[in-house]
Structure formats: C-alpha cells, structure tokens
Amino acid sequence: RFMDKYCDSKCVFYKNKNFQPEIKNATEMEKDFAEYIRNDYASKSFDMRSIYKSATSNWKVVPGDLVIIYGNTGVGKSSFTQNLVYKSGLNTLFLSLEVTAHLTFRRFIQMAHSMTKDEVLKHYKKHDDSLHKAIDKIRVMSVAPTLESIEMIVASEMPKPEILVIDTTDELVVPFVNSEIDKQNKIANSLKTLAQKQGIIIIAVHHLSKEASKNPTQLTVHSGKGSSSIPQKADKVMAVLGYDNAPERVIQSMKSRDESNFSLPMMFDYKTYTFKERLPNGK
C-alpha cells in the first residue's frame, strides 16, 4: 500500500497493481480541470473551424476523445483522415493497417507538397530526404498490433502521440474473440478507455455496413459496419459522403457530445490526395 501514491493511473502496468479506483472530491476535480484547460486542452486539441473556413461553428477535438470516421470503399476516408491529422499539426501515430507504410508516406508527401504520384517518384529517384520535414510530427506503423499491445506502443513512443489513428478498426487483432460483434464491442470499449487513460485523441476509421454502402451520400450515425457500440462509445462521429467516381465530397458530422454538427462541401483531388473546400465565393 505504501507504493500506491507513486503509481500513475496512466501507466500501462497500473491495472496489475490492483489498487482501489481513485475517487476525487470537488476540490481535486477543480484542480485537475484547471490544469487540463490550461495545458492539454489548449495545446493538444484541434478545431475543425480553424482547419476548414467553411465550418459554421466550433467543433473541437480534445484529449480523451474517440472520433469515428465513416465512409464507403474508395471515397477517400483514409485520405481525409491523413489530411486532417497533417493539418492539425499534432504529434500523430498513424496505424496504417490496410496499405503499406510506403504508400501512406507517399500520400502524406503528396498532401504536404501538393504533388502528384509521378512527381514524388521522380523526386525520390534523385533526392533522399528534402521533403520529409513537412511531416516530421507523423509516424507510421503498418503491422497490425493486438488490441492490448496498442497501449504499450502509445506509452513507449517518444514523443508521446497526441493523436492515434487506427486505419481501420477491422484490422486490429483481438485474440480469443470469435464473434465479429464481440470483437467490435471490445475494440470500442478499449479505444475509449485508452483515449481517456492516456489523455490522447484517437481517430478510428470504420467501414460502412453493407446496407449503408448502397447509398453512400445518405449516412447516419448508425451507418457503420457491425456493432452499435462503435458510435455509442465515440465522442464524435464524422462521415465522408460521396461516390468514388466523382470528386465531390461532403464531410458531415453526425455526433458530438458538446458541439453543433456541421457539413463541409469538399473536392477530393485524386492526383494529390488532398481535400479542398468548396467555398461559396469560389476561393
């Protein structure tokens, strides 16, 4: 019991200590809240309105949030997520579990420098490292981890990630779980707990259900594949609406515990993998 006060609840080994859960009184909550507002909330958050001018209200993503991003196959939900974390300017660990690290890196470079695939390939045939500085806050992992090992990875990374991206939830390894619904329930619970415990933002890319994919411009908060626990545990849900054979997109917010929803008209540039706003004045 003597060591209780020296053990941080954010430690990955904390659960093995079997200590009583911490209950805070009003004074302690006030102190923690003031520290959170002055530090984590200010420096480790991003606001959609500061990234995209056409957002009509503040939509702030803060440490502890679990954000789900929906979208049909080929609509660019992974590319939008890459755009978002790049523009946030926060330290990001991007678990790219459906495509290779080479492809993810190339697309980040294309976004950061507005370059085509051929321009990037041509550049790196002659040069080594003159473009990477634009994405120095982004790290990529492309080997699917187990759900339990993610916390160890986050805790051991230096600097500690401020955003963790899971692309996609389907690819996470959950041992000893046979049912797809049980797997998704465990993923939803674990990711939300991890976001709160480690004080980070988690963005999880999630596929649509078979029925929702038939009309990918008319989605709801429940359009995701499988378990309803995914949107229930999420603090925020966004969707990339559109068809893969046309460049028009809409980024639609569908859930937020503390802000109004928004709708952002976008154009997806396949050549540079960038999302650009379709502003009313044409700029």
Side-chain angles (χ1 to χ4, degrees), residues 46-49 51-61 65-85 87 97-99 107 111 165-171 180-181 183-185 187-188 191-192 201-282:
F46 68 87
D47 193 331
M48 292 294 290
R49 194 175 189 181
I51 296 176
Y52 298 109
K53 297 178 182 178
S54 55
T56 54
S57 61
N58 293 333
W59 207 78
K60 202 170 186 70
V61 181
D65 276 353
L66 171 60
V67 182
I68 301 298
I69 296 182
Y70 291 149
N72 205 15
T73 300
V75 81
K77 57 185 180 292
S78 296
S79 296
F80 172 72
T81 304
Q82 287 186 258
N83 275 259
L84 187 60
V85 298
K87 291 183 177 181
L97 307 180
E98 288 194 329
V99 301
R107 289 178 177 176
M111 295 169 195
V165 174
I166 311 292
D167 184 18
T168 63
T169 56
D170 279 1
E171 300 300 319
E180 183 63 26
I181 296 299
K183 174 184 176 181
Q184 291 188 18
N185 288 340
I187 287 172
L191 292 183
K192 179 54 188 173
I201 296 165
I202 295 183
I203 300 176
V205 181
H206 192 68
H207 290 299
L208 296 183
S209 67
K210 186 175 180 180
E211 186 63 29
S213 65
K214 295 177 182 178
N215 193 352
T217 63
Q218 301 293 324
L219 304 182
T220 72
V221 71
H222 298 294
S223 293
K225 176 182 176 182
S227 173
S228 61
S229 64
I230 297 288
Q232 287 172 356
K233 287 295 182 180
D235 299 282
K236 294 177 171 65
V237 177
M238 282 189 285
V240 182
L241 311 181
Y243 294 96
D244 60 1
N245 59 355
E248 293 83 6
R249 299 285 186 274
V250 173
I251 307 302
Q252 181 75 56
S253 63
M254 297 180 170
K255 176 185 176 180
S256 180
R257 299 193 191 278
D258 212 25
E259 295 94 358
S260 302
N261 286 325
F262 63 81
S263 181
L264 300 177
M266 295 274 189
M267 295 292 288
F268 180 37
D269 185 344
Y270 290 90
K271 293 182 179 180
T272 60
Y273 283 93
T274 53
F275 277 75
K276 299 178 182 179
E277 294 175 86
R278 289 184 281 156
L279 301 176
N281 58 10

For the student: nearest non-hydrogen atoms of Met254 and Ala239, plus distance: CE-CB, 3.6 Å

Sub-4.5 Å side-chain heavy-atom contact between Met266 and Val240: no

Minimal non-hydrogen separation, Tyr52 against Glu277, with atom names: C-OE1, 3.3 Å

Polar side chain donor-acceptor pair, Ser263 to Asn261, under 3.5 angstrom: no

Check: Leu208 and Leu219 side chains under 4.5 Å, non-hydrogen atoms: yes

Heavy-atom closest contact (Ser229 atom, Asn185 atom, distance): OG-OD1, 2.7 Å

Whether over 12 other heavy atoms sit under 6.0 Å from Lys60 NZ: yes

More than 12 heavy atoms of other groups within 6.0 Å of Lys233 NZ: no

Pairing residues for Glu180 by the salt bridge (charged side-chain N to carboxylate O under 4.0 Å, His left out) criterion, not counting sequence neighbours: none

Side-chain heavy-atom pair Arg278, Leu264 within 4.5 angstrom cut-off: no

Under 3.5 Å: donor-acceptor pair, side chain of Asp65, backbone of Val61: no

Value rounded to 0.5 Å, distance of NZ in Lys77 from CG in Leu84: 15.5 Å

Side-chain heavy atoms of Met111 within contact of Gln82, under 4.5 Å: yes

His207-Glu98 side chain donor-acceptor pair, cut-off 3.5 Å: yes

Distance in Å, Ser253 OG paired with Met48 CE, rounded so as to fall on 0.5 Å steps: 8.0 Å

SB check Lys236 Glu259 (cutoff 4.0 Å): yes

Minimum heavy-atom distance between Thr81 and Val205, given as atom pair plus value: OG1-CG2, 3.6 Å

With Ser78 via side-chain hydrogen bond (donor to acceptor under 3.5 Å, both in side chains) - residues at least two apart: Asp167

Minimum side-chain heavy-atom gap Thr168-His206 below 4.5 Å: no

Residue pair Thr217 / Leu241: nearest heavy atoms and the distance that separates them: O-CD1, 3.7 Å

Nearest non-hydrogen partners of Ser223 and Tyr70, listed with the distance: N-CE1, 4.1 Å

Flag side-chain contact, heavy atom, 4.5 Å: Asp244 against Asn72: no

Set of residues satisfying ring pair (Phe, Tyr, Trp, His ring centres under 6.0 Å) with respect to Phe275, sequence neighbours excluded: Phe80, Phe268

Any donor-acceptor pair under 3.5 Å from Arg249 side chain to Val75 backbone: yes

Side chain to side chain, Lys225 and Gln184, heavy atoms closer than 4.5 Å: yes

Flag side-chain contact, heavy atom, 4.5 Å: Ile230 against Ile68: yes

Steps toward side-chain contact (heavy atoms from CB on, under 4.5 Å) verdict (Asp47, Asn58): CA-CA 6 Å; Asp47 193 331; Asn58 293 333; 3.4 Å; yes

Counterpart residues, salt bridge (charged side-chain N to carboxylate O under 4.0 Å, His left out), relative to Lys255 (two or more places apart): none

side-chain contact (heavy atoms from CB on, under 4.5 Å) between Ile202 and Val67, intermediate numbers included: CA-CA 6 Å; Ile202 295 183; Val67 182; over 6 Å; no

Under the side-chain hydrogen bond (donor to acceptor under 3.5 Å, both in side chains) test, residues paired with Asp235 that sit two or more places apart: Lys192, Arg257

Qualifying residues under side-chain hydrogen bond (donor to acceptor under 3.5 Å, both in side chains), relative to Tyr243, sequence neighbours excluded: none

Interatomic distance, Leu66 atom CG to Ile166 atom CD1 [nearest 0.5 angstrom]: 9.5 Å

